[in-house]
Each structure stands twice: as C-alpha cells, then as structure tokens.
Chemist: 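Before I ask anything, here is the structure I am working with.
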Amino acid sequence: VAGRTMCRRHSFVRSKHVKRDPVAKSNKWSVTFEAPAEIKAEELAVVGDFNDWEAAEGQMKRRKDGVWAKTIRLAPGAYRFRYVADGGVG
C-alpha cells in the first residue's frame, strides 16, 4: 500500500490510516501510521522519505485491537510512504 501524507502548520491531507497532531512547543507533527488488523504478517513497517525507506527504522507494533501502528515526529512537508510486510513491499 503506497500513500502520501502532508504535514503543514495549518492544513494537511487527512486519511483514516494516518493521524496527525501538532507537537507542543515544536514545529513538528506527531504522525501515527495505522494499518488494518486484517493484515496477516509477522512484521510490518512503514517506510518513506522520512526514514530513507529503511524498514528497520519504521517497525510497527500490533496494538491490543490488532491494528498495526507507528508514531513518528515529522517536520512540516509532504512525504511519500509505503508499508513493508515480512520484508516485501505490500
């Protein structure tokens, strides 16, 4: 699954799988990437412009509700991203 997220100071694109909140006393955003619980994988990572497409930097954790999640602090801007399941791009 590929996507694009934008973080700007006052407006940004919304997605049900990407949640953004401003970080207090900072110009950064707290961005939480979520992937559906239905994804059957041993490991899932979010990779993109923000982590040089490195899966090791974007390892997601499965929450109690089964949803995969990873929160990253990002500077305002536009970012491309993908999810990587079990070492392959999905």
Side-chain angles (χ1 to χ4, degrees):
V1 176
R4 181 178 171 160
T5 187
M6 296 179 69
C7 297
R8 289 183 280 209
R9 219 3 149 179
H10 298 291
S11 65
F12 45 80
V13 177
R14 293 200 180 268
S15 166
K16 74 177 193 174
H17 296 294
V18 180
K19 298 178 180 170
R20 301 161 201 81
D21 293 300
V23 175
K25 299 180 182 180
S26 172
N27 70 335
K28 294 195 175 185
W29 289 86
S30 177
V31 181
T32 300
F33 295 88
E34 295 180 338
E38 294 78 24
I39 294 177
K40 304 295 182 209
E42 294 295 318
E43 295 180 344
L44 193 66
V46 60
V47 298
D49 299 329
F50 46 82
N51 63 7
D52 293 325
W53 302 91
E54 292 291 331
E57 300 296 319
Q59 290 297 312
M60 301 177 82
K61 293 189 178 184
R62 193 181 284 272
R63 299 188 315 215
K64 288 181 182 179
D65 63 1
V67 171
W68 294 88
K70 172 72 175 178
T71 300
I72 302 170
R73 286 189 176 189
L74 297 175
Y79 300 90
R80 292 177 299 147
F81 70 96
R82 298 194 90 141
Y83 294 105
V84 176
D86 295 331
V89 177

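Note that the structure is a prediction, hence the values are computed from the model and not measured.
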Chemist: Can you measure from CG (D49) to CZ (F81) and round to the nearest 0.5 angstrom?
Modeler: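 Going from the CG atom of D49 to the CZ atom of F81 covers 10.5 Å.
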Chemist: Dump the intermediate steps for side chain to side chain contact (heavy atoms under 4.5 Å, CB included) on V31 and D21, then the final yes or no.
Modeler: CA-CA 7 Å; V31 181; D21 293 300; over 6 Å; no
Chemist: State the CZ-CH2 distance between R62 and W68, to the nearest 0.5 angstrom.
Modeler: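 If I round to the nearest 0.5 Å, the distance is 4.5 Å.
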Chemist: When rounded to the nearest 0.5 angstrom, what distance separates CH2 in W29 from CG in L74?
Modeler: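 Reported value, rounded in 0.5 Å steps: 11.0 Å.
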Chemist: Would you sort out whether V23 and K25 count as a side chain to side chain contact (heavy atoms under 4.5 Å, CB included), showing the intermediate values?
Modeler: CA-CA 6 Å; V23 175; K25 299 180 182 180; over 6 Å; no
Chemist: Roughly how far apart are I39 CD1 and M60 CE, rounded to 0.5 Å?
Modeler: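 It is 7.5 Å, given to the nearest 0.5 Å.
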Chemist: Please confirm whether the backbone N or O of A41 pairs with a side-chain atom of D86, one donor and one acceptor, at under 3.5 Å?
Modeler: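 No, the answer is negative, given that no donor and acceptor are paired below the 3.5 Å cut-off.
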Chemist: Taking the basic N atoms (NZ, or NE/NH1/NH2) and the acidic carboxylate oxygens, is any pair closer than 4.0 Å for R63 and E34?
Modeler: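 Yes, charged N to carboxylate O under 4.0 Å.
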Chemist: Is the shortest heavy-atom distance from the side chain of V46 to the side chain of I72 under 4.5 Å?
Modeler: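 Touching, per the 4.5 Å side-chain cut-off.
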Chemist: Counting distance only, does the side-chain N/O of Q59 pair as donor-acceptor with the main-chain N or O of A55 below 3.5 Å?
Modeler: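 Between the backbone of A55 and the side chain of Q59 there is a qualifying donor-acceptor contact (under 3.5 Å).
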Chemist: I want to know whether F33 and Y79 have ring centres closer than 6.0 Å.
Modeler: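 No, the ring of F33 stays outside the 6.0 Å limit from the ring of Y79, centre to centre.
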Chemist: Between the side chain of N51 and the main-chain N/O of W53, is any donor-acceptor distance below 3.5 Å?
Modeler: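 Here the side-chain-to-backbone pair exists.
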